[in-house]
Each structure stands twice: as structure tokens, then as C-alpha cells.
Amino acid sequence: PGPHPASPTQRPPALPSSPATLSAMLRPLYQDAPRLLRLTQVHRPRICPMAEVLQAIPAGSRTLDVGCGGGSLLMLGVLTGRVSGGVGFD
């Protein structure tokens with residue numbers, strides 16, 4: 001069995017709230033991607049409320065991301081410990 005979501009009494013880890021910090025976390029993951037994909041995904045936290053969405057995901061969740069685009073939300077979820085496993089499709 002895989003990890004279970006954190007219990008309601010556990011406090012989830014602090015999340016970066018700055019769009020610039022979230023963008024910096026994504027940059028190495030897309031460094032070899034085509035230029036347009038790299039630019040849209042790395043800068044997505046600057047135009048979408050990623051920090052607020054991540055805050056709503058319980059730590060250690062298994063996540064289905066419908067309409068994931070390039071997968072930046074799932075990747076940030078994994079990097080921040082919110083997502084232990086996930087599937088995304090566009």
C-alpha cells in the first residue's frame with residue numbers, strides 16, 4: 001500500500017506562496033522542453049492561482065488532474081509533498 005493522505009490533525013508542510021518561487025521550482029523540470037511549452041509552464045504560476053490550489057490538496061494525496069496541460073500543477077504538488085502520486089490528462 002502507498003502513502004495515505006495526512007490526517008486532519010497533521011499540519012501540512014508550508015507551501016511557497018510566491019509565484020516567482022513556484023516558477024523557479026518548475027524551471028529545471030522544463031529546461032529541455034520546446035520553448036513555447038517551457039515558457040507557458042514555467043510562468044503558469046504567475047497567471048494561475050497555483051499556491052491556493054496546492055493549499056487545498058491534502059499532503060500525500062493521490063491526484064487526478066483533468067485538463068493538466070503540461071502537468072505543472074501535478075509537478076508542483078509532488079515537489080511540495082502535496083501529491084504522492086498522480087495522473088494527468090489533457
**Report entry** Working for side chain to side chain contact (heavy atoms under 4.5 Å, CB included), residues R62 and V83
**Finding:** CA-CA 6 Å; R62 294 178 56 188; V83 174; over 6 Å; no
Requested in this report: Kindly indicate, with the supporting measurements, whether the criterion side chain to side chain contact (heavy atoms under 4.5 Å, CB included) is fulfilled by D65 and V87.
Outcome: CA-CA 6 Å; D65 187 357; V87 173; over 6 Å; no
Counting distance only, does the side-chain N/O of [X] pair as donor-acceptor with the main-chain N or O of [Y] below 3.5 Å?
| X | Y | answer |
| --- | --- | --- |
| S18 | A20 | yes |
| T40 | L36 | yes |
| Y30 | G70 | yes |
| R82 | L54 | yes |
| R46 | P19 | no |

Requested in this report: Apply side-chain contact (heavy atoms from CB on, under 4.5 Å) to R27 and list each qualifying residue two or more places apart in sequence or on a separate chain.
Outcome: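 Once residues adjacent in sequence are excluded, the partners of R27 under the side-chain contact (heavy atoms from CB on, under 4.5 Å) criterion are A24, V42, H43.
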Got a second to check how far [X]'s [atom1] is from [Y]'s [atom2], nearest 0.5 Å?
| X | Y | atom1 | atom2 | answer |
| --- | --- | --- | --- | --- |
| L22 | T80 | CG | OG1 | 8.5 Å |
| E52 | L15 | CD | CG | 10.5 Å |
| M75 | L79 | CE | CG | 8.5 Å |
| L74 | C68 | CG | SG | 6.5 Å |
| R38 | Q31 | CZ | CD | 9.0 Å |
| L64 | F89 | CG | CZ | 5.5 Å |

Query raised in the report: Do L39 and L76 belong to the same hydrophobic cluster, where Ile, Leu, Val, Met, Phe, Trp and Tyr are linked whenever their side-chain heavy atoms lie under 4.5 Å apart, directly or via other members?
Result: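 Shared cluster, no.
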**Report entry** Any M50 side-chain heavy atom under 4.5 Å of L73 side chain
**Finding:**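 M50 vs L73: side chains touch.
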Query - Shortest non-hydrogen contact between A51 and P16, atoms and distance - result: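 Smallest interatomic distance, heavy atoms only, reads CB-O, 3.9 Å.
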